[in-house]
Protein chains: 2
Amino acid sequence: MGETARWLTPEEQHAWRSFIRLQERLGGRLARLLQTDSGLSGADFAVLVHLTDVPDGRQRYQDLGRALEWEKSRMSHHIARMAGRGLVVREECAEDARGAFVVITDAGRAAIEAAAPRHVEAVRELFLDHVTPAELRVLAQLSERVVSKLDDDRP
Amino acid sequence: MGETARWLTPEEQHAWRSFIRLQERLGGRLARLLQTDSGLSGADFAVLVHLTDVPDGRQRYQDLGRALEWEKSRMSHHIARMAGRGLVVREECAEDARGAFVVITDAGRAAIEAAAPRHVEAVRELFLDHVTPAELRVLAQLSERVVSKLDDDRP
DNA sequence: GGGTGTTCGATGAAGTGTCAACCACGTCTA
DNA sequence: TAGACGTGGTTGACACTTCATCGAACACCC
């Protein structure tokens, strides 16, 4: 007996499903808002935010990839698309001829400056405004703990 | 003064980022596990689970789409791919000649029966085991509340 | 110096999701 | 009953992500 896996209790099942649902709905809604009223995807947004936080708006693919936790292939494809739209440019790297830099353009800065306030407002209206500070603390703690376990587990 | 949007407080910023990170990491990890050791995507899994919970493993596109909260286009594309792999079949509908049914096949049942225990175990090991029952309750409540606000807002 | 192995990034293919347009069938109404 | 409208599902184009593979450049070590 007992070779069957432990199934979820009703509470666990319910909590897990609610959580998944929250991710799908909230993520979808925020992505759609960002796209329709700023022309950026969540990924574009993340790249641009990061580049504005870095000296000269300029960083190696490698380092940007690490910061965003993106695979190098994803970096390459995505930056190529963003470069096609003029949000960033690719620059050769003198010190290491294999490498390259991603550099934010003026258009990229303009895009993120226009998008950020709206996005923050959306995060407030759709999420933060409906969560108490205590709940938010619980969420943050739990998130960090689970992520750090994931990191321990398999790098 | 004050035309600038309310920015996030450091606590809000931190909580929000941790939460996003959790979603990306946990979701990615679970998806990869499911894919590599059962050959199913999360979407495949959701479809098959739902079909096993329904009489004769058979449901209208429409109803399945509503249950999963998928757009009809997504249904059509995804079911076509799953049918190509033999997990489900499409069946014409006698009562309404426009409509169609999605029906799980034996291969589909076999796939989900093999995948489900592993997936549940993964959800436990990667998530539930690191969250207290109290935290889980908070998460569930908060998720439901936010989702219901999203529903109120714009259908 | 000349392997040997490693790192950086590019590339192509395949699966996924969204949007917009479309078609075929049903329903309602004048 | 004919025309208008609504509904169920399909299709094609495009954006995004992952995977596997590749070529070029670097680093180490004999």
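Since we're looking at a predicted model, the values are computed, not measured.
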S.K.: Before accepting this row, confirm whether a basic side-chain N of the pair B/R21/A/E144 lies closer than 4.0 Å to the acidic partner's carboxylate O.
M.R.: no

S.K.: Please determine if a side-chain N or O atom of A/S76 lies less than 4.0 Å away from the OP1 or OP2 oxygen of C/dG9.
M.R.: no

S.K.: In whole Å, I'd like the distance from the CG atom of B/L33 to the C1' atom of D/dC19.
M.R.: 16 Å

S.K.: Could you give the CG-to-C1' distance, from A/L64 to C/dG9, as a whole number of Å?
M.R.: 13 Å

S.K.: Find which nucleotide of DNA chain C each of A/R32 and A/F101 is nearest to by heavy atoms, and output the residue with the more 5' nucleotide.
M.R.: A/F101

S.K.: Report yes if a side-chain nitrogen or oxygen of A/R90 is closer than 4.0 Å to either non-bridging phosphate oxygen (OP1 or OP2) of C/dA10; otherwise report no.
M.R.: yes

S.K.: Indicate whether OP1 or OP2 belonging to C/dT16 is found under 4.0 Å from a side-chain N or O atom of B/R81.
M.R.: yes

S.K.: Going by atom types alone, do B/E125 and B/H130 pair a side-chain donor with an acceptor below 3.5 Å?
M.R.: no

S.K.: How close or far is atom P of D/dT17 from atom CZ of B/R25, stated in whole angstroms?
M.R.: 16 Å

S.K.: Just by distance, do the side chain of B/S18 and the backbone of A/S143 share a donor-acceptor pair under 3.5 Å?
M.R.: no

S.K.: On a plain distance test, is the side chain of B/S73 in donor-acceptor contact with the base of D/dT10 below 3.5 Å?
M.R.: no

S.K.: Which whole-number value in Å describes the distance from A/K72 NZ to D/dG23 C1'?
M.R.: 12 Å

S.K.: Please lay out, stage by stage, how B/D44 and B/S41 fare under the test side-chain hydrogen bond (donor to acceptor under 3.5 Å, both in side chains).
M.R.: CA-CA 5 Å; B/D44 298 334; B/S41 68; 3.1 Å; yes

S.K.: Pick the nucleotide of DNA chain C nearest each of B/R85 and B/E71; which residue has the one closer to the 5' end?
M.R.: B/R85

S.K.: Return whichever of B/G99 or A/Q35 has its heavy-atom-nearest nucleotide of DNA chain D closer to the 5' end.
M.R.: B/G99

S.K.: Quick one: the side chain of B/R98 and the base of D/dT7, do they pair up donor-acceptor inside 3.5 Å?
M.R.: yes

S.K.: From CD of B/E95 over to P of D/dG9, roughly how many Å is that when rounded to an integer?
M.R.: 12 Å

S.K.: From NE2 of B/H78 over to P of C/dG15, roughly how many Å is that when rounded to an integer?
M.R.: 11 Å

S.K.: Could you tell me whether the phosphate oxygens of D/dG9, OP1 or OP2, come under 4.0 Å of any side-chain nitrogen or oxygen in B/R60?
M.R.: yes

S.K.: Rounded off to whole Å, could you give me the CZ-to-P distance for the B/R74 and C/dG15 pair?
M.R.: 16 Å

S.K.: Thinking salt bridges, do A/D151 and B/R25 make one under a 4.0 Å N-O criterion?
M.R.: yes

S.K.: Would you mind reading off the distance between A/L68 atom CG and D/dT17 atom C1', rounded to a whole angstrom?
M.R.: 14 Å

S.K.: Do the side chain of B/H77 and the base of C/dG15 come within less than 3.5 angstrom through a donor-acceptor pair of N or O atoms?
M.R.: no

S.K.: Please tell me which of the listed nucleotides, C/dT18, D/dT17, D/dG9, lies nearest to the side chain of A/A43?
M.R.: D/dT17

